[in-house]
There are 2 protein chains.
Amino acid sequence: MNLKPNGRIWIDTDQGAFMGYGRIELLEKIQQTGSLRKASIEMEMSYQKSWKLVTQMNIRAGEPIVSLKKGGKNGGIAQLTPFGEKAILSFKEFDHAFQQFLKSYKPNLE
Amino acid sequence: MNLKPNGRIWIDTDQGAFMGYGRIELLEKIQQTGSLRKASIEMEMSYQKSWKLVTQMNIRAGEPIVSLKKGGKNGGIAQLTPFGEKAILSFKEFDHAFQQFLKSYKPNLE
DNA sequence: TTGCGTTATACTTTAAGTTAGATAACGCAA
DNA sequence: TTGCGTTATCTAACTTAAAGTATAACGCAA
């Protein structure tokens, strides 16, 4: 039978989801590439969707998570703000605690 | 800003999801009505979908959660097995612990 | 044997979300 | 001033999960 407790967590705001597994992965790829387009390709996600996610995060957080600039030397740049970096760390900590919770829980059905 | 930790949990098997919020609600409505059709109407869910959910649960649990019988006095009957009742209680306990976890967690971002 | 309300199942249609494709705007560097 | 690669945005096409529609099978009761 092999019953396995599972789940997922995220952070909401009044306007909707703010931070979750997909967004975290996207932010990390932005951090690595410096480009929203490259990050979306690595995520195998359309540019439109990742742009929407980032823009939503920026609005919902009240303070920019990612700084987006178009034009210039390399065509443009996408960069995490210090606040964005803090947000990643905070969510990862939350998820770590949740994974511990999941691991510790034993369903009593046999 | 009002950041609110949120999440959901469920129970998986090797064949896929076995128990979660929607299924629990469906099981409780079956318990109350004795009918899969009436339960689906109360859930505002198509009969086909609820039938599929119940059938999957029965298969994935290895042991019936809901007993389905067609024909007879009232056209047919849907009834939780004792094992099904235990499954409900077990999941609710799991969820209670999870809600406690969520409530206790304070994100450190301000 | 007929009617009833349910379970059981196939097929079609709808709706929502996602992606694709195209194009404008931008600003540095050559 | 031109070219480049990116951000930004619109519209159309596609995909897929869900619901709708229809019908068969069942077994008790009248």
Side-chain angles (χ1 to χ4, degrees), chain A residues 8 10 12 15-18 20-61 63-81 83-84, chain B residues 8 10 12 15-18 20-61 63-81 83-84:
Chain A
R8 44 193 302 134
W10 61 89
D12 269 333
Q15 300 151 27
F18 159 61
Y21 298 114
R23 287 169 167 91
I24 280 286
E25 195 183 337
L26 181 59
L27 292 181
E28 290 180 333
K29 292 200 187 303
I30 289 172
Q31 205 169 29
Q32 290 157 21
T33 61
S35 155
L36 183 53
R37 180 164 301 276
K38 282 179 191 146
S40 352
I41 291 170
E42 285 197 12
M43 291 281 289
E44 298 183 32
M45 174 192 289
S46 70
Y47 174 82
Q48 290 88 334
K49 184 172 178 183
S50 52
W51 180 85
K52 193 178 158 192
L53 286 174
V54 167
T55 304
Q56 277 182 348
M57 273 189 277
N58 281 347
I59 291 173
R60 292 176 182 174
E63 191 178 334
I65 295 285
V66 176
S67 148
L68 295 174
K69 293 204 179 78
K70 63 180 162 183
K73 187 177 169 189
N74 296 306
I77 189 168
Q79 248 177 335
L80 263 75
T81 64
F83 180 66
Chain B
R8 43 195 302 134
W10 62 89
D12 270 333
Q15 298 151 28
F18 158 62
Y21 299 113
R23 286 168 167 93
I24 281 285
E25 195 184 337
L26 182 60
L27 291 181
E28 289 179 333
K29 293 200 186 303
I30 290 172
Q31 205 169 29
Q32 290 157 21
T33 62
S35 155
L36 183 52
R37 181 163 300 275
K38 283 179 190 145
S40 352
I41 290 169
E42 287 197 11
M43 291 281 290
E44 299 184 32
M45 176 192 286
S46 69
Y47 174 83
Q48 289 85 338
K49 184 171 178 184
S50 51
W51 181 85
K52 192 179 159 192
L53 286 174
V54 167
T55 304
Q56 277 181 348
M57 274 188 276
N58 282 346
I59 291 173
R60 292 176 182 175
E63 191 177 336
I65 295 284
V66 176
S67 149
L68 296 173
K69 292 205 179 77
K70 63 179 161 182
K73 187 179 172 186
N74 296 306
I77 189 167
Q79 249 178 333
L80 262 77
T81 64
F83 180 66

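In what follows, chains carry the letters A, B, and so on, assigned in the order in which the sequence lines appear, proteins first and then strands, with residues in each chain numbered from 1. Values below: all heavy atoms of this structure, side chains included; hydrogens, waters and symmetry mates excluded.
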(request) With DNA chain C as reference, determine whether A:Lys49 or A:Asn74 sits nearer its 5' end, using the nearest nucleotide of each. (result) A:Lys49
(request) Output yes when at least one side-chain N/O atom of B:Trp51 is less than 4.0 Å from OP1 or OP2 of C:dA8, else no. (result) yes
(request) Indicate, with a heavy-atom threshold strictly under 4.0 Å, whether B:Lys52 touches base, sugar-phosphate, or nothing. (result) nothing
(message) For A:Leu36 and A:Ser50: C-alpha separation, side-chain torsions, deciding distance, then whether side chain to side chain contact (heavy atoms under 4.5 Å, CB included) applies.
(response) CA-CA 7 Å; A:Leu36 183 53; A:Ser50 52; 3.9 Å; yes
(request) Return the 5'-most residue of the pair A:Gly72, A:Ser46 with respect to DNA chain C, ranking by each residue's nearest nucleotide. (result) A:Ser46
(request) Could you check which nucleotide pairs with C:dA30 in any of the strands shown, counting Watson-Crick or G-U wobble with both distances under 3.5 Å? (result) D:dT1
(request) Scan every strand shown for a Watson-Crick or G-U wobble partner of D:dT15, both distances under 3.5 Å, and answer none if you come up empty. (result) C:dA16
(request) For B:Ser40 and B:Ser46, indicate whether the former's side chain and the latter's backbone hold a donor-acceptor pair under 3.5 Å. (result) no
(request) Mind checking the CG-CD spacing from A:Leu80 to A:Gln32? Nearest 0.5 Å is all I need. (result) 10.5 Å
(request) Specify the separation, in whole Å, of atom OH of A:Tyr47 and atom C1' of C:dA22. (result) 15 Å
(message) If we ignore hydrogens and angles and just use 3.5 Å, is the side chain of A:Arg60 paired with the main-chain N or O of A:Gln15 as donor and acceptor?
(response) yes
(message) Restricting to non-hydrogen atoms, name the atom on B:Pro64 and the atom on B:Phe83 that form the minimum distance, rounded to 0.1 Å.
(response) O-CD2, 3.8 Å
(message) In this structure, how many angstroms lie between the P atom of C:dT9 and the CD atom of B:Gln56, rounded?
(response) 14 Å
(message) Please report the interatomic distance CD1(B:Ile65) to CZ(B:Phe18), rounded to the nearest 0.5 Å.
(response) 4.0 Å
(message) I'd like to know if the side chain of B:Asn58 reaches the main chain of B:Glu63, judged simply by a donor and an acceptor atom lying under 3.5 Å from each other, with no hydrogens or angles considered.
(response) no
(request) Specify the separation, in whole Å, of atom NZ of B:Lys38 and atom C1' of C:dT7. (result) 13 Å
(request) Considering only heavy atoms of chain A and a distance under 4.0 Å, specify the first and last nucleotide of DNA chain D in 5' to 3' order that meet this criterion. (result) D:dG5 to D:dC10
(request) May I have the distance from A:Glu44 (atom CD) to C:dA20 (atom C1'), rounded to whole angstrom? (result) 16 Å
(request) Could you check A:Ser35 against B:Lys73 and say which one's nearest nucleotide on DNA chain D is further toward the 5' end? (result) A:Ser35
(request) Could you tell me which nucleotide pairs with C:dA22 by Watson-Crick or G-U wobble geometry, both distances under 3.5 Å, or answer none if nothing does? (result) D:dT9
(request) Confirm from the modelled atom types if A:Gln48 and C:dG17 form a donor-acceptor pair under 3.5 Å, side chain to base only. (result) no
